[in-house]
Visitor: 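Here it is, the structure in full.
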Amino acid sequence: MEKLVIEVINEAFFKAQIYGQDYETLDSSELKKGLTNLQYVIAEKNADDAENPYYQRINFTLGIGEQSIFIDNLIGLSTLTFLLSGTLRYPVAIKSRKAFEGACRAQNILTLPYTAFMERGVGGATIYVYPFPEQAYTFELVGKFGLEQVTDYYTDMLPYYDLFYVEYLVFLLAARLRTDYGFEEMPSITREIQKKEQTMANAIGPPDATCYVKSSVCRAGANPYVVANFLTSGFYPSG
């Protein structure tokens with residue numbers, strides 16, 4: 001099975017009711033308009049990682065004293081860990097820009113890189129860590145990456161997207177084409193888009209609604225690296 005870009009464009013024109021169902025051939029200017037608008041639709045999904053349901057994981061290494069690394073096409077960071085002594089997975093706390101860049105800190109510390117911050121840039125994002133590594137560490141990143149862009153009418157979209165997501169893009173393109181042609185919004189298209197977005201939010205990337213209760217009278221938890229050395233299970237308490 002395949003789903004070509006040109007098929008997506010034709011379906012979108014039909015669903016937008018710009019042309020009738022029996023209209024089979026779009027001229028070159030209409031195809032170009034459809035392809036351009038499809039590229040815009042995909043680009044919008046890459047602007048906000050919440051609009052992308054797919055998580056990926058990659059590994060990378062930071063050497064001694066390395067403060068940052070640029071990751072191509074990265075748009076959202078979920079978790080970051082690194083291997084300590086080759087056997088212990090150590091978590092890295094992901095901080096906001098204010099907490100990471102605005103805090104007082106020594107710039108000459110080389111030890112475990114236990115905090116990080118992600119900064120979006122053109123074509124990807126930079127991961128900054130602190131403290132700076134005192135040795136080379138292998139990191140595992142779980143996050144979201146930009147969706148594959150389309151450039152050719154006869155590209156098969158299914159190697160890059162699930163079929164349900166291709167259908168979602170068809171409705172998004174139909175809505176955008178109506179706007180581009182100066183037509184009013186179609187409630188049926190809007191409802192279909194909202195339904196598909198809700199389905200994806202619930203089934204693929206459900207929000208974490210877990211509640212945590214932390215007593216105000218408890219002392220701060222011990223350093224997980226220290227505790228892990230005393231636990232045969234390899235796990236440590238959270239607080």
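Positions are given from 1 along the sequence. Note that the coordinates shown come from a computational prediction; the quantities given were computed from them, not determined experimentally.
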Visitor: Report the C-alpha distance between Arg176 and Glu44 in whole Å, list the side-chain angles of each, state the deciding distance to 0.1 Å, and finish with yes or no for salt bridge (charged side-chain N to carboxylate O under 4.0 Å, His left out).
Guide: CA-CA 12 Å; Arg176 189 175 185 96; Glu44 287 176 353; 2.8 Å; yes

Visitor: Should Glu119 and Arg97 count as an ion pair when the cut-off is N to O under 4.0 Å?
Guide: yes

Visitor: For Tyr153, does the OH atom sit with more than 12 other heavy atoms under 6.0 Å from it, leaving out its own atoms?
Guide: yes

Visitor: May I have the step-by-step check of side-chain hydrogen bond (donor to acceptor under 3.5 Å, both in side chains) for Asn52 and Asn46, ending in yes or no?
Guide: CA-CA 7 Å; Asn52 179 342; Asn46 293 339; 4.8 Å; no

Visitor: For Tyr181, does the OH atom sit with more than 12 other heavy atoms under 6.0 Å from it, leaving out its own atoms?
Guide: yes

Visitor: Can Glu140 and Arg57 be counted as an ion pair, charged N to O under 4.0 angstrom?
Guide: yes

Visitor: Would you say the rings of Tyr128 and Tyr130 are close, in the sense that their centroids are separated by under 6.0 Å?
Guide: no

Visitor: Under a plain distance cut-off of 3.5 Å, with no hydrogens placed, do Tyr168 and Glu197 share a side-chain donor-acceptor pair?
Guide: yes

Visitor: How about CD on Gln107, more than 12 heavy atoms from neighbouring residues, nucleotides or ligands closer than 6.0 Å, or not?
Guide: yes

Visitor: Apply salt bridge (charged side-chain N to carboxylate O under 4.0 Å, His left out) to the pair Lys15 and Glu11, showing each step before the final yes or no.
Guide: CA-CA 6 Å; Lys15 291 186 185 301; Glu11 287 183 27; 5.3 Å; no

Visitor: State, yes or no, whether a side-chain contact exists between Leu173 and Phe13 at a heavy-atom distance under 4.5 Å.
Guide: no

Visitor: Taking C-beta and beyond as the side chain, do Thr81 and Tyr90 meet within less than 4.5 Å on heavy atoms?
Guide: no

Visitor: Nearest 0.5 Å please: distance from the CG atom of Leu62 over to the OH atom of Tyr137.
Guide: 11.0 Å

